[in-house]
Structure formats: C-alpha cells, structure tokens
Amino acid sequence: MPELPEVETVRAGLERYVVGAKISAAQTFHPRALKTTSIATLKSVIGAKIIAVNRRGKFLWFELDREFALVAHLGMSGQLLVQPITSPKHLHLRANLVLGNSLISPKKSREKIEIRFIDQRTFGWLSVEEQSNGIPTSVAHIAYDPFEHEFDLKAVISDLKRRKSAIKSAILNQGIISGIGNIYADEALWRARLHPEIICGDLTEDEIKKVVLSAKAVMKSAIKAGGTSFDEQYKNVNGESGYFSRSLSVYGREGEPCSRCATLVRRIAFANRSSHFCPRCQR
DNA sequence: ACTTACACCTGCCAGC
DNA sequence: TGCTGGCAGGTGTAAG
C-alpha cells in the first residue's frame with residue numbers, strides 16, 4: 001500500500017514522537033513480523049535509545065545507540081501507530097515497541113506509549129540489521145529516492161535511456177530510482193503524457209526527465225497532503241488518513257473523464273498489476 | 001546484466 | 001445466503 005509519500009508521512013510522525021525515547025519492551029505477535037534474515041530477535045532492541053528515524057524510498061529504519069539498526073518495511077498493508085499502551089489492540093497487531101520515556105505523546109497524556117506494527121497482509125516486516133555507512137543491509141541495494149541530496153538526475157536519466165523495458169516497469173524498479181509505486185507511477189506518466197508501455201530506449205532524454213521530475217512533483221504534493229488513503233489500510237502514526245486520493249488524475253479513475261481532454265480513463269493489466277492512463281493524452 | 005513471472009498473504013466486493 | 005473470482009499501495013527470487 002504505502003509508497004514514498006505515505007512512508008514519509010509515517011517517518012515524520014515517528015520522528016516527532018519517538019526520537020530520544022528508550023525502548024523498554026518489544027514483542028512480536030506473528031511469525032512473519034520479523035524478517036528471516038534479521039541478525040537478532042526483536043528483544044535485542046530493548047534498552048536502546050532511538051536516535052533518528054530514517055527513510056530511503058519505501059524503507060524506514062530506526063537509528064539506535066547501537067551498532068545495529070531496526071528496519072521496517074510496510075509492504076502492502078503495514079502501519080506503524082504511536083498509541084498509549086492501554087488503548088485497544090488492533091486485530092492485525094504484529095509487533096510492538098514499548099517506549100520508556102517519551103516526552104510527547106499523540107494524546108498528550110502522561111501514559112506510556114508504544115509503537116505498534118499492524119499489518120493485515122503480512123508482506124511488511126521488521127528486521128534487526130547491521131549497517132554500512134549508516135545504511136542497513138536490506139536497504140543497500142535500493143537506489144536513492146528523488147528527495148535525497150545524492151540523487152543524481154542525469155545518472156538516472158542515462159540509466160533509464162539504456163533500458164529495454166517499458167517505462168512504467170523501469171520507474172517501479174527500486175534499484176534505479178526508489179520510492180515510486182503503482183499509484184505515483186501512473187500519475188507521473190499521466191503528467192508527462194507518456195503511455196506506460198513505451199520502451200525506455202524509444203523515449204528522448206527530455207521525455208525521461210519529464211517523467212522523473214513529474215514523479216518527484218506528484219510525490220511532493222502527496223507528502224503535503226499526508227499521503228493517499230483509499231480505505232482503512234493507510235494511516236499516519238496517529239491513525240489519520242491522508243487526503244491526496246482526491247488529487248489523483250488517473251489512478252483508480254477508470255471510466256472517469258481525463259481532466260485535460262475528457263477522454264475516459266482506461267485501466268489495463270500490465271506487468272501483473274493495473275495501469276491507469278488517458279488513451280488520448282498518453283499515446 | 002536485464003527483464004519478467006510469480007509467490008508470498010488477508011480481506012473485500014461484485015456477480016451469480 | 002454463500003460461493004467464486006478478481007482485485008489491492010510491494011518485493012525477493014528464479015528462470016528466461
């Protein structure tokens with residue numbers, strides 16, 4: 001479910017409430033809550049202080065006063081909520097991290113709070129990992145996202161230009177550019193007026209540049225709106241929905257008129273997922 | 001070295 | 001009412 005804007009919304013919420021806090025207890029409630037490649041159990045973070053909450057693309061990690069980091073990926077349906085330990089537990093609660101000394105709580109109560117990892121489909125995970133130059137093991141192969149200082153627009157354009165895959169598949173490839181998922185890929189291609197199935201090598205560098213900058217622009221607007229929520233799946237750390245779905249131009253709008261030319265938006269099955277586009281604007 | 005197909009899950013909704 | 005198939009925001013992997 002969550003793409004870069006949703007993950008960033010969660011990251012910013014966590015940063016606000018949990019940086020500086022010490023983890024006093026940790027528990028998993030589902031066998032897949034901890035990634036199999038985790039170097040230690042979740043209990044190993046007990047006693048650690050949270051120094052920062054970092055993100056690259058759709059990957060989040062807690063920087064701790066330890067050699068290792070605690071990585072979190074939300075998969076298709078994961079949530080991280082910050083709640084008082086006494087508040088009702090969600091059906092799909094997979095793990096928690098109880099905080100010993102948090103200064104602020106979302107409810108402004110003096111109650112102890114905890115970070116809850118909730119995940120209906122169980123594609124998300126937590127993992128205790130070693131780091132190299134501050135980057136955890138499972139994030140090492142993920143490309144810079146467009147909001148990082150190190151993001152090299154020219155390098156990404158020339159990489160894409162050499163590819164033989166469809167442009168949509170390429171921008172979904174987290175090893176080339178990270179953070180873009182199915183929603184923002186469709187939105188970026190609509191903004192750039194490009195059909196999702198065009199082969200990268202057949203595009204001009206200017207066209208490729210336009211897709212990449214459109215992806216960054218649409219994700220920036222979505223962050224401002226608190227992300228895209230269609231249902232109960234995406235929530236920020238306070239359990240609130242984002243409202244960017246009303247600003248989407250094509251995603252989830254099959255059969256509705258294109259806002260530029262009024263042609264009806266089409267949905268096609270492509271690369272094992274749905275693609276939404278305007279058949280007139282995007283040839 | 002790339003690219004693609006598929007597996008990994010649970011739940012909801014439309015249609016019969 | 002209850003079944004079935006299709007669909008859902010992602011990623012790692014195996015095989016071509």
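Below, read A as the first sequence line, B as the second, and so on, with proteins coming before strands; counting in each chain starts at 1. Reckoned from all heavy atoms, side chains included, excluding hydrogens, waters and symmetry mates.
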Problem set entry | Who pairs with B/dC12 - Watson-Crick or G-U, where each distance is under 3.5 Å | C/dG6
Problem set entry | Earlier contact from the 5' end, DNA chain C, for A/Q120 and A/W125 | A/Q120
Exercise. Within less than 4.0 Å of OP1 or OP2 of C/dT11, is there a side-chain N or O belonging to A/H73?
Worked result: yes
For this session: Determine the contact category for A/S274: base if any of its heavy atoms lies under 4.0 Å from a base atom, sugar-phosphate if only primed atoms, P, OP1 or OP2 are that close, otherwise nothing.
Result: sugar-phosphate
For this session: Please determine, for the side chain of A/N272, which listed nucleotide (B/dC2, B/dC6, B/dG11) has the closest atom?
Result: B/dC6
Exercise. So which nucleotide from C/dG10, B/dC9, C/dA8 ends up closest to the side chain of A/R273?
Worked result: C/dG10
Problem set entry | Whole angstrom value for the distance that separates P of B/dT3 from NZ of A/K168 | 17 Å
For this session: Rounded off to whole Å, could you give me the CG-to-P distance for the A/L74 and B/dC8 pair?
Result: 22 Å
Exercise. What is the distance from CG of A/L172 to P of C/dA8, rounded to the nearest Å?
Worked result: 13 Å
Exercise. Between CH2 of A/W61 and OG1 of A/T137, what distance do you get to the nearest 0.5 Å?
Worked result: 11.5 Å
Seminar exercise, completed: Taking for A/I142 and for A/R121 the nucleotide of DNA chain C with the nearest heavy atom, the one nearer the 5' end belongs to A/R121
Exercise. For C/dT11, does either OP1 or OP2 sit under 4.0 Å from a side-chain N or O belonging to A/H141?
Worked result: no
For this session: Classify the nucleic acid contact of A/N182 as base, sugar-phosphate or nothing, counting any heavy atom under 4.0 Å across all strands shown.
Result: sugar-phosphate
For this session: Give the rounded distance in Å between these two atoms: NE2 of A/H90 and P of B/dG11.
Result: 10 Å
For this session: For A/Q233 and B/dT10, give me the distance from atom CD to atom C1', rounded to whole Å.
Result: 9 Å
Exercise. Would you call A/R11 and A/E15 a salt bridge, taking side-chain N to carboxylate O under 4.0 Å as the test?
Worked result: yes
Exercise. Looking across every strand, which nucleic acid part, if any, lies under 4.0 Å from A/H30 by heavy atom: base, sugar-phosphate, or nothing?
Worked result: nothing
For this session: May I ask you to decide whether A/K210 forms a salt bridge with A/D206, counting only side-chain N to carboxylate O separations under 4.0 Å?
Result: no
For this session: Please state the P separation for the pair B/dC6 and C/dG6 - nearest whole angstrom.
Result: 14 Å
Exercise. OP1 or OP2 of B/dT3 less than 4.0 angstrom from a side-chain nitrogen or oxygen of A/K164, does that happen here?
Worked result: no
Exercise. Rounding to a whole Å, what distance do you find between A/E232:CD and C/dA8:P?
Worked result: 19 Å
Exercise. Do A/V45 and A/F62 come within less than 4.5 Å of each other through their side chains, counting heavy atoms only?
Worked result: no
For this session: Would you kindly give the CD1-to-P distance between A/I180 and C/dG10, to the nearest whole Å?
Result: 11 Å
Problem set entry | Aromatic-base stack, A/F123 on C/dT11, cutoff 5.5 Å, angle under 30 | no
For this session: Answer whether the closest heavy-atom distance between the side chains of A/K216 and A/F151 falls below 4.5 Å.
Result: no
For this session: Could you label the plane-to-plane angle of the A/Y251 and A/H276 rings as parallel, tilted or perpendicular, counting under 30° as parallel and over 60° as perpendicular?
Result: tilted
Problem set entry | Options C/dC7, C/dG12, B/dG11, nucleotide nearest the side-chain atoms of A/L91 | B/dG11
For this session: May I ask you to evaluate whether A/Q174 reaches the phosphate of C/dT11, defined as a side-chain N or O under 4.0 Å from OP1 or OP2?
Result: yes
Problem set entry | Spacing of A/D231 atom CG relative to B/dG11 atom P, expressed in whole Å | 13 Å
Exercise. With a non-hydrogen cut-off below 4.0 angstrom, is A/Y184 in contact with a base, only sugar-phosphate, or nothing?
Worked result: nothing
Exercise. Reckon A/R32 has a side-chain N or O less than 4.0 Å from the OP1 or OP2 of B/dC9?
Worked result: yes
